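Comments concern the structure below.
In what follows, every chain begins at residue 1, and chains take the letters A, B, ... in the order their sequences are listed. Values in this document were obtained by computation on a predicted structure and should not be read as measured data.
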2 protein chains.
Amino acid sequence: MTPESTHARLADQLCFALYAASKAVAGAYRPRLKALGLTYPQYLVMLVLWQSDGLTVAELGAMLGLDSGTLSPLLKRLDASGLVRRERTDRDERVVRVYLTPKGAGLEEHAASVRREVESGAGLTDDGFAQLRLTLHELTATVNGCVPG
Amino acid sequence: MTPESTHARLADQLCFALYAASKAVAGAYRPRLKALGLTYPQYLVMLVLWQSDGLTVAELGAMLGLDSGTLSPLLKRLDASGLVRRERTDRDERVVRVYLTPKGAGLEEHAASVRREVESGAGLTDDGFAQLRLTLHELTATVNGCVPG
DNA sequence: GTGCAGTTGATTGTGTACAACCAAGTTGTG
DNA sequence: CACAACTTGGTTGTACACAATCAACTGCAC
């Protein structure tokens, strides 16, 4: 009944702290994004496109760390929702570029307000926010550098 | 081509920093856990059970933030792998308690070495590690407190 | 006892994720 | 031209993750 202290506790694990925090933030976005007709990963893809429209599937994947097995059906759904348009390149018929439709571009404002809402609910100072973001980026880079090989 | 600075950049978003870091850490665990016959979420479930065996499905779900739609098939697979045994309670036939098998309990040592390997590859000082963990737990609690209502 | 509210885990449907594989298209070499 | 090596996005299969729903069971009021 009493947890034995010889075992690693779940709360001590960085992997679980990351897993839980990521899930919590996604959970905060989800109901708010639902009003926009977006899932959380779809929102991340739209974030990239609002920043730089017309990327290829491979470029999107590199920025998000996702492969075509995830992106292909996701982009197909964004296309079906009328937020995005996929176009084969003339120069290279294999390459698909993804463009925002006016409807997709028009969601940016609403999404920005969702973001502000969630981030203000996080209860972090500007400094704490920036510090955490930096730490996470460094951790991501270090850990990713340890695996791929 | 040039990203316009009027748009929120992906790298500035805490939600993406969390998403990427969580995925990176999971990606570091995955190949190492594969040798144990575990997926990453299965490893998290086993972490809980190594800490306190014989929990109900609801108790497991509360600790991990997962519902039965995720846990039921996951536990069924752990059961099929012979790492876990599910038992209906006598007192209440609805309640299922999850117990480690000897095989499941025996994985703890190997899993602990995997954990040490990944955490040492994260390149964090003990202080940085503890600080990040604390920040993430606080963030999780704050954000989770904002949504459920 | 009878019946209803509440609890518990399972199931279904949709949408990620990732590994493995595949077909179409491109490029370099001869 | 021929043709192997490579690149690109799509498909398939397995495994989460969550919302919605369900059936079985319990416990309480009556």
Side-chain angles (χ1 to χ4, degrees), chain A residues 15-16 19-20 22-34 37-46 55-62 64-81 83-84 86-98 144 147-148, chain B residues 15-16 19-20 22-31 33-34 37-46 55-62 64-81 84 86-98 144 147-148:
Chain A
C15 64
F16 176 68
Y19 175 82
S22 181
K23 239 157 50 66
V25 170
Y29 271 97
R30 192 172 302 111
R32 296 173 169 96
L33 290 175
K34 193 171 183 180
L38 287 175
T39 66
Y40 185 63
Q42 286 169 9
Y43 165 72
L44 294 179
V45 169
M46 294 298 283
L55 295 179
T56 67
V57 175
E59 287 165 343
L60 272 171
L64 293 163
L66 296 172
D67 66 3
S68 67
T70 302
L71 283 176
S72 279
L74 190 155
L75 292 172
K76 192 180 294 187
R77 282 186 283 271
L78 284 180
D79 193 333
S81 302
L83 304 178
V84 141
R86 291 171 297 163
E87 245 178 50
R88 295 265 169 199
T89 306
D90 284 345
R91 289 195 54 79
D92 190 335
E93 292 279 345
R94 296 166 304 178
V95 178
V96 171
R97 289 199 176 277
V98 183
N144 274 335
V147 183
Chain B
C15 64
F16 177 69
Y19 174 83
S22 181
K23 237 156 54 64
V25 170
Y29 271 98
R30 193 172 301 113
L33 290 175
K34 193 170 184 180
L38 287 175
T39 65
Y40 185 63
Q42 286 169 10
Y43 165 72
L44 294 179
V45 168
M46 294 298 282
L55 295 179
T56 67
V57 174
E59 288 165 343
L60 271 171
L64 293 164
L66 295 172
D67 66 4
S68 67
T70 301
L71 283 176
S72 281
L74 190 155
L75 292 172
K76 192 179 294 186
R77 282 185 284 271
L78 283 180
D79 193 333
S81 301
V84 141
R86 290 171 297 163
E87 245 178 49
R88 295 265 170 199
T89 306
D90 284 346
R91 291 194 56 79
D92 190 334
E93 291 280 344
R94 296 166 304 179
V95 178
V96 171
R97 289 199 177 276
V98 183
N144 273 335
V147 183

Checklist entry - Of all the choices, D/dG10, C/dC18, D/dC16, which nucleotide is nearest to the side chain of A/Leu66 once you look at every atom? => result C/dC18

Next on the checklist: What's the closest nucleotide to the side chain of A/Lys23 if the choices are C/dT8, C/dT16, D/dC18?
Outcome noted: D/dC18

Item to check | Atom pair distance, as rounded to whole Å: CG in B/Leu33 and P in D/dC16 | outcome: 12 Å

Checklist outcome for this item: From CG of A/Leu64 across to C1' of C/dA17 the rounded distance in Å is 13 Å

Checklist entry - Does a side-chain N or O from A/Thr70 land closer than 4.0 Å to OP1 or OP2 of C/dA17, or not? => result no

Checklist entry - What does A/Gly61 touch in the nucleic acid at a heavy-atom separation under 4.0 angstrom: a base, only the sugar-phosphate, or nothing? => result nothing

Checklist outcome for this item: Of B/Pro73 and A/Ser68, the one whose nearest nucleotide on DNA chain C sits closer to the 5' end is B/Pro73

Checklist entry - Which one, D/dC16, C/dA19, C/dG9, comes nearest to the side chain of B/Arg30? => result C/dA19

Item to check | Gap between atoms OH and C1', on A/Tyr19 and D/dA17 respectively (whole Å) | outcome: 7 Å

Item to check | Integer-rounded Å distance: D/dT14 P and B/Leu78 CG | outcome: 18 Å

Checklist entry - Which nucleotide in the set D/dG10, D/dC16, C/dA19 lies at the smallest distance from any side-chain heavy atom of B/Leu74? => result D/dC16

Next on the checklist: In whole Å, I'd like the distance from the CD atom of B/Glu87 to the C1' atom of C/dT8.
Outcome noted: 17 Å

Checklist entry - Should B/Val45 and B/Leu71 be marked as a side chain to side chain contact (heavy atoms under 4.5 Å, CB included) after you check the CA-CA gap, both sets of side-chain angles, and the distance that decides it? => result CA-CA 9 Å; B/Val45 168; B/Leu71 283 176; 4.0 Å; yes

Checklist entry - At under 4.0 Å between heavy atoms, what does A/Arg77 touch on the DNA or RNA strands: base, sugar-phosphate, or nothing? => result base

Checklist entry - If you measure from OG1 on A/Thr89 to CD on A/Glu87, what distance do you get to the nearest 0.5 Å? => result 8.5 Å

Item to check | Distance, rounded to the nearest Å, where A/Leu75 contributes CG and C/dT16 contributes C1' | outcome: 13 Å

Next on the checklist: Run A/Glu59 and A/Val98 through side chain to side chain contact (heavy atoms under 4.5 Å, CB included) and show every step you take.
Outcome noted: CA-CA 10 Å; A/Glu59 287 165 343; A/Val98 183; over 6 Å; no

Checklist outcome for this item: d(A/Arg97 CZ, A/Asp92 CG) to nearest 0.5 Å is 10.0 Å

Next on the checklist: Quick check: any donor-acceptor pair below 3.5 Å linking the side-chain of B/Arg94 to the base of C/dT7?
Outcome noted: yes

Checklist outcome for this item: Side-chain contact check for B/Arg88: nearest option of C/dG9, D/dT8, D/dT11 is C/dG9

Next on the checklist: Regarding B/Asp92, tell me which of base, sugar-phosphate or nothing describes its non-hydrogen contacts under 4.0 Å with the strands shown.
Outcome noted: sugar-phosphate

Checklist entry - Taking atom C1' of D/dA15 as reference, at what distance in whole Å does atom CG of B/Leu44 sit? => result 14 Å

Item to check | Criterion side chain to side chain contact (heavy atoms under 4.5 Å, CB included) on A/Val57 and A/Arg86, from CA distance to verdict | outcome: CA-CA 9 Å; A/Val57 175; A/Arg86 291 171 297 163; over 6 Å; no

Next on the checklist: Base, sugar-phosphate or nothing for B/Leu71? Non-hydrogen atoms, less than 4.0 Å.
Outcome noted: nothing

Checklist entry - Under 4.0 Å between a side-chain N or O of A/Lys76 and OP1 or OP2 of D/dT11? => result yes

Next on the checklist: I'd like to know if B/Thr39 reaches the base of D/dA15 with its side chain, counting only an N/O donor and acceptor under 3.5 Å.
Outcome noted: no

Checklist entry - OH of A/Tyr29 versus P of C/dT16: gap in Å, rounded? => result 17 Å

Next on the checklist: Check the orientation of A/Tyr40 and A/Tyr29. Use parallel for under 30°, tilted for 30 to 60°, and perpendicular for over 60°.
Outcome noted: tilted

Checklist outcome for this item: The nucleotide from D/dG9, C/dG15, C/dG9 with an atom nearest the side chain of A/Gln42 is C/dG15

Next on the checklist: Need one value for B/Arg97: base, sugar-phosphate or nothing, where a base atom within 4.0 Å counts as base even if backbone is also close, heavy atoms only.
Outcome noted: nothing

Next on the checklist: Judged by each residue's nearest nucleotide on DNA chain D, which is more toward the 5′ side, A/Thr56 or B/Asp67?
Outcome noted: A/Thr56

